[in-house]
Participant: 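One structure, as structure tokens, below. Some questions next.
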There are 2 protein chains.
Amino acid sequence: MKRGILFVVSGPSGAGKGTICKELVRRTGIALSVSMTTRPPRRSEAEGREYIFVSREAFMEKISRNAFLEYAEVYGNYYGTPAESVRDILDSGGDVVLEIDVQGALKVKASCPESVSVFILPPSMGELRKRITARGTESDASISLRLGETLKEIRRVGEYDYCIVNDRLDEAVDRLAAIVVAENSRAGRGLRELVESYMEEM
Amino acid sequence: MKRGILFVVSGPSGAGKGTICKELVRRTGIALSVSMTTRPPRRSEAEGREYIFVSREAFMEKISRNAFLEYAEVYGNYYGTPAESVRDILDSGGDVVLEIDVQGALKVKASCPESVSVFILPPSMGELRKRITARGTESDASISLRLGETLKEIRRVGEYDYCIVNDRLDEAVDRLAAIVVAENSRAGRGLRELVESYMEEM
């Protein structure tokens, strides 16, 4: 049976990758990988929706079993992509979309080279600055630092398979949906069985 | 400026590549490359629509000028893909779709490795036999010979970038349209300028 495809959707913070992925899931029903974290849930967050919330001990135990596609420590909390649930869906022929930061995406691409990586770009740096400023949660110095980091991340776009500029949400989702359809038509995937089925009919 | 992409759509005779390409052109307005031939026009054919009809002398002169992406002689008539018109559209940033037989497609892919090749498969060999029989223009022996050729062509599907099974026309056109959108989102295409535009804004 044909294996599913892992779509790794990434890009700088503020580019809109989360919204795009949610809309893709709503439209197409593609499975979304939910990350695991040791960070305590915020009031708006539900177990298994934003994250799977686990204790630090449980997380460490999973690291020792090599149970993550990738993981990272950020400000003292751990975040990771559980390998097993993703592999189960792929093995049963389903596609999975994984929304993740740039560092995590490049780790996943390295450990799963057959995955398809998509970089979401903000329409412009000016627009990104506007979006971050509008949140009102960060100081000017912190925003400048963030935009500097963003530029470093954007320089890595060439390491991705696809790149979508998130100018209008609907168009960006259309493009991501088209990438999912196109990758499922790749001649390299599950081809031997297909060709054999034609041979057998003769 | 970003260069256009050449989509080479091919597959065995009877798979429906012509219908799919016409429908893609109708839906998306993508430019269709029209082949040149020395064969005289049939009554139903219009100059510049099915083919550009030229004299044998004119065709030979074009061969000597290297003016074809590929050409072939079939039953004493010449058929070729004019390079100039395709290149003009690509240079101006437009995409082009080229519908062509398997031998021609592989020649174009060799001479234009940056082109995107799509193989159209019939839903099954039984269905293909039915379609060819329904035309009523060929003997049983000729049909068997044709299906044997088709199998040889299907074995080459791995040399293509994409493969679409033409089960239902609408779905096949959806897939081809998705491939056009996805390829236009490839991270490799026209990327340097994009990244530089972000740098300049800072």
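The analysis underlying the following values was restricted to heavy atoms, covering all of them including side chains, and did not include hydrogens, waters or symmetry mates. Reminder, nothing fancy here: chain letters follow the sequence lines and each chain counts from 1.
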Participant: About how many Å separate CG of A:Leu121 and OG of B:Ser197, when rounded to the nearest 0.5 Å?
Facilitator: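 These two atoms lie 8.5 Å from each other.
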Participant: Is atom CZ of B:Arg168 surrounded by more than 12 heavy atoms (other residues, nucleotides or ligands) closer than 6.0 Å?
Facilitator: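 No - once you tally the heavy atoms of other residues, nucleotides and ligands closer than 6.0 Å, there are 12 at most.
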Participant: Mark yes when over 12 heavy atoms from residues, nucleotides or ligands other than B:Tyr71 sit less than 6.0 Å from its OH; otherwise mark no.
Facilitator: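 Count not over threshold, so no.
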Participant: Give the member of B:Thr150, B:Ile179, B:Asp161 that has the highest number of heavy-atom pairs under 4.5 Å with chain A.
Facilitator: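 Greatest number of close heavy-atom pairs with chain A: B:Asp161.
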Participant: Closest heavy-atom contact between A:Ala187 and B:Val157?
Facilitator: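 So the two residues come closest at CB-O, 3.7 Å.
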Participant: Is it the case that atom CD in A:Glu84 sees more than 12 heavy atoms from other parts of the structure closer than 6.0 Å?
Facilitator: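 Incorrect, the count does not exceed 12.
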Participant: Counting only heavy atoms not in B:Arg87 (residues, nucleotides, ligands), do more than 12 fall under 6.0 Å from its CZ?
Facilitator: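 At most 12 heavy atoms, drawn from other residues, nucleotides or ligands, come within 6.0 Å of this atom.
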Participant: Nearest 0.5 Å, what's the OG-CG distance between A:Ser185 and B:Asp174?
Facilitator: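 Interatomic distance, A:Ser185 OG to B:Asp174 CG, rounded to 0.5 Å: 10.5 Å.
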Participant: With a 4.5 angstrom heavy-atom cut-off, is it the side chain or the backbone of A:Val165 that approaches chain B, or both, or neither?
Facilitator: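 A:Val165 touches chain B through side-chain heavy atoms alone.
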Participant: Where is the tightest heavy-atom contact between A:Ala182 and B:Tyr162, given as atom of each residue plus distance?
Facilitator: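 In terms of heavy atoms, the two residues are closest at O-CE2, 3.3 Å.
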Participant: Closer than 4.0 angstrom, basic N to acidic O: yes or no for B:Arg186 and A:Glu183?
Facilitator: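 Salt bridge: yes.
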